[in-house]
Amino acid sequence: MTPEETLRYSRHFLFRHIGRKGQLQLKDSRVAIVGAGAIGSMLANHMARSGVGYIRLIDADQVETSNLQRQVLYTEADAEAHLEKAVAAKTHLLAINHHIEVDPRVARITSDNAEENLTGVDLILDGTDNLEARFIINDVAVKNGIPWVYAAAVGSRGMMFPFIPGRSPCFHCLFPPSQMEGPAESCDAVGVISPAVAVVASLAATEAMKILLGDEEHLIRHLRHLDLWRGEFGELKLGKARANCPTCGLHEYPFIA
Ligand SMILES: [Zn+2]
């Protein structure tokens, strides 16, 4: 580690769950962030500042003016230039921390490209805004034994949970598609406030750090949910993995088959 890095990460060295050893682990870590929108750009910001050595950012969209209300990485100039989010994010992340590697991929995750874009990493972070992508992430994660952190925000509400293959039920166990009724509420329909995004992404980034540092003991056990406008925070006890789950029980991986 260079003298500049020693200075940069001095507050991590002091934090007893990280220290110098943990910082080297973060530097050796590789994460993929799916979506570089509101939650994704906040996650990328946390990962870059924390010194995670390799960050892959997957997003097909361009920066728009309506993103600036909550997508912390972007500027008015990015929106005026119609820059791709993954590309603009790389510029800003490297300006924050030039010690890391940022791998921008201008793509939308599909069943066909998911495995090539989501493997070769220690952890996948969910910055998507739709269920379809989460089922795809979950299939890749379970099939390849990669942990992933689910994070979602809409309105002033949010949910977050770290899925560790083999340790917890998977996303498909908890949210069987057959039981999902009607279209999910979306930010395009009901809006979203920036603080809700920031809190959910920060909770997810903290679980991400624990996973990368191997601190299983402190990983949360229950699904976190919150409503910032009401000032409510809660947790939901999760059931067991389902033996007939097509993803983690039967290993059929229907969303990437
Ligand atoms: Zn499952």
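FYI, side chains are in, hydrogens and waters are out, and symmetry mates aren't considered; it's all heavy atoms of this structure. Position 1 is the first residue of the sequence; numbering continues from there. Indexing begins at 1, ligand by ligand and atom by atom, following the structure's order.
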Task: Sole candidate of F255, Y150, Y253 that passes ring-ring contact (aromatic ring centres under 6.0 Å, His included) when paired with H172 - done: F255
Task: Heavy atoms of other groups near R242 CZ, more than 12 under 6.0 Å - done: yes
Open item on the list: My understanding is that only one of I124, L125, L57, D126 makes a side chain to side chain contact (heavy atoms under 4.5 Å, CB included) with V34; could you say which?
Closed with: I124
Task: F163/F161 under ring-ring contact (aromatic ring centres under 6.0 Å, His included): CA gap, chis, key distance, verdict - done: CA-CA 6 Å; F163 287 97; F161 187 71; 5.0 Å; yes
Tabulate below the donor-acceptor pairs under 3.5 Å that side-chain atoms of residues 201-214 make, not counting sequence neighbours, or state none.
from: S202; atom 1: OG; to: H46; atom 2: NE2; distance (Å): 3.0
from: S202; atom 1: OG; to: A198; atom 2: O; distance (Å): 2.7
from: T206; atom 1: OG1; to: S202; atom 2: O; distance (Å): 2.7
from: E207; atom 1: OE1; to: K210; atom 2: NZ; distance (Å): 3.4
from: E207; atom 1: OE1; to: I220; atom 2: N; distance (Å): 3.1
from: E207; atom 1: OE2; to: K210; atom 2: NZ; distance (Å): 2.8
from: K210; atom 1: NZ; to: H218; atom 2: O; distance (Å): 2.8

Task: Single-linkage hydrophobic cluster V200~V190, side-chain heavy atoms < 4.5 angstrom - done: no
- [ ] Less than 2.8 Å from the Zn ion (ligand 1) is the window; count the protein N, O or S atoms in it.
- [x] 4
